[in-house]
Amino acid sequence: MLHRVAPSLRRALASSTAPLRGARLPDPVLPSPHAQWRRCASAAASASSSSLPPPPPSPPQGPPRHGGVGPSTSSLNPAEVAKFASIAETWWDSQGPFKPLHMMNPARLSFIRSTLCRHFRRDPYSAKPLEGLKVIDVGCGGGILSEPLARMGATVTGIDAGDENIKIAHIHAASDPTTASIEYCCTTAEDLVKENKQFDAVISLEVIEHVDNPLEFCKSLSALTVPNGATVLSTINRSMRAYATAIIGAEYILRLLPIGTHEWSKLVTPEELVLALQRASISVEEMAGFVYNPFTQGWSLSDDISINYIAYGIKKSETPSTISQ
């Protein structure tokens, strides 16, 4: 179920001097996406009188975003922060805009528990397998991941650039003694690095596709991780299947996500993620995909990393090297 990343692939990526987007896949040329939408819209119209969403955009054809070469810069994207701040009050509504994350959370936590317990030699079946570990949830939103991590015994810090998200996280965590100890801060990973903060495990789920500078973001995550500590990230693959399902399907047809939640050019392939983390001195050890079962309406871990996937890596003991120009 879990992908072991071959040492040969890690060595090849580590020796590469190409920028993050150097091996960028071509934008997908899907057969008439607007025609596909019209067919689905026509079928939907026969079953419902509600207004139909606007047709989805074609995948952008412009240049990719900055890959992170050159001087160190913030990865914060103010537009993305504002986008999620506008719906912050719905974080704990399991039927609201964040319903997909609530549904995916058990599978995400299963991967995190398995990899962290193996890494830190803990019993995954104990009541609090992460007890004694300092864990940071980067891009915590309303705390839907931070809280179960705290219940597993971890000393959790949750950070988010959106003040509205942090307020919601504070309020919800305070209602349960087991989560009231979570330290929530409205800040960025880059700012915490300046404070010389470090954690046993750094977790950032569904965040890297919303930042401006993936390489700089990975460098910040690495700096926050203690030597030989663990780093876990999840995101969406920049594949044709992901465009068809995560953007056209989830946003424009099924309305599982607000339109505009994801941008094609910001999605990250597994190869690009491994390369970015390698250059930040994190060796990716395992990957797994997430698959959705429409019959059970649940997510599970899978070998299929063509759409949603999660990766676990180990911070090398040596000081992170400067990104190649």
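Note that the structure is a prediction, hence the values are computed from the model and not measured. When a residue number appears, it is its place in the shown sequence, counting from 1.
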Next item on the list: Evaluate the side-chain hydrogen bond (donor to acceptor under 3.5 Å, both in side chains) criterion for residues Lys316 and Gln278: first the C-alpha distance (whole Å), next the side-chain angles of each, then the deciding distance (0.1 Å), finally the verdict.
Entry: CA-CA 9 Å; Lys316 299 174 185 176; Gln278 275 284 11; 3.0 Å; yes
Checklist line | Least distance between heavy atoms, Val226 atom then Lys315 atom | finding: O-CG, 3.4 Å
Margin query: What's the separation between atom CH2 in Trp92 and atom OG in Ser175, rounded to the nearest 0.5 Å?
Written below: 8.5 Å
Item checked: Arg122 and Glu131 ion-paired at < 4.0 Å -> no
Check: Within the distance-only criterion (no hydrogens, no angle test), does the side chain of His119 pair as donor or acceptor with the backbone N or O of Asn228 below 3.5 angstrom?
Finding: yes
Notebook entry, point to check: Hey, are the side chains of Lys99 and Met104 touching, using non-hydrogen atoms and a 4.5 Å cut-off?
Noted result: no
Margin query: The test is salt bridge (Lys or Arg N to Asp or Glu O under 4.0 Å); show your working for Lys167 and Glu164 and say whether it passes.
Written below: CA-CA 5 Å; Lys167 289 177 181 177; Glu164 294 82 357; over 6 Å; no
Next item on the list: Please name the pair of heavy atoms, one in Ala107 and one in Trp299, separated by the smallest distance, quoted to 0.1 Å.
Entry: CB-O, 3.9 Å
Note to self: Please give me the minimum heavy-atom distance between Ala288 and Ile305, naming the atom from each residue.
What the structure shows: C-CG2, 3.7 Å
Next item on the list: Considering non-hydrogen atoms only, spot the tightest contact between Val138 and Val207 and give its length.
Entry: O-CG2, 3.5 Å
Next item on the list: Report yes if the side chains of Leu277 and Leu233 come closer than 4.5 Å at any heavy-atom pair, otherwise no.
Entry: yes
Item checked: Carboxylate-amine/guanidinium contact Glu286 Arg118, below 4.0 Å -> yes
Check: Do the non-hydrogen side-chain atoms of Pro124 and Pro129 ever get within less than 4.5 Å of each other?
Finding: no
Note to self: So Cys185 and Asp160, do their side chains get closer than 4.5 Å, heavy atoms only?
What the structure shows: no
Check: Okay, side chain of Asn105, backbone of Ile144: is any donor-acceptor separation there less than 3.5 Å?
Finding: yes
Next item on the list: Determine, stepwise, if the pair Val211 / Glu80 fulfils side-chain contact (heavy atoms from CB on, under 4.5 Å).
Entry: CA-CA 8 Å; Val211 304; Glu80 293 284 352; over 6 Å; no
Next item on the list: Flag the pair His210 / Lys266 as yes when at least one side-chain heavy-atom distance between them is below 4.5 Å, and no otherwise.
Entry: no
Next item on the list: Using atom types as modelled and distance alone, determine if a side-chain donor or acceptor of Thr245 lies under 3.5 Å from a backbone N or O of Arg241.
Entry: yes
Item checked: salt_bridge(Glu190, Lys194) N-O dist < 4.0 Å -> no
Margin query: Within the 4.5 Å heavy-atom criterion, are Asn308 and Asn237 side-chain neighbours or not?
Written below: no
Margin query: Check Glu272 with Arg238, please: is the shortest side-chain N to carboxylate O separation under 4.0 Å?
Written below: yes
Margin query: Minimum heavy-atom separation for Ser239 and Trp264, please, with both atom names.
Written below: O-CZ3, 3.1 Å
Next item on the list: Using the six-membered ring wherever Trp is involved, compare the ring planes of Phe84 and Phe98 and label them parallel, tilted or perpendicular (cut-offs 30° and 60°).
Entry: parallel
Next item on the list: Evaluate the criterion side-chain contact (heavy atoms from CB on, under 4.5 Å) for residue pair Leu273 and Ile208; output intermediate values, then yes/no.
Entry: CA-CA 9 Å; Leu273 182 61; Ile208 195 171; 3.9 Å; yes
Check: Can you name the closest pair of heavy atoms from Glu209 and Ser234 and give their distance?
Finding: OE1-O, 4.2 Å
Note to self: What I'd like to find out is whether the side chain of Ile203 reaches to under 4.5 Å of the side chain of Leu145, using heavy atoms alone.
What the structure shows: yes
Margin query: Under a plain distance cut-off of 3.5 Å, with no hydrogens placed, do Thr231 and Thr225 share a side-chain donor-acceptor pair?
Written below: yes
Check: Are the side chain of Trp91 and the backbone N or O of Ala169 linked by a donor-acceptor pair below 3.5 Å?
Finding: no
Checklist line | Worked verdict on Asp176 versus Arg151 for salt bridge (Lys or Arg N to Asp or Glu O under 4.0 Å) | finding: CA-CA 10 Å; Asp176 185 340; Arg151 293 189 182 98; 3.2 Å; yes
Next item on the list: Flag the pair Asp304 / Phe290 as yes when at least one side-chain heavy-atom distance between them is below 4.5 Å, and no otherwise.
Entry: no
Checklist line | Donor-acceptor contact present, side-chain Ser222 to main-chain Cys218, <3.5 Å | finding: no
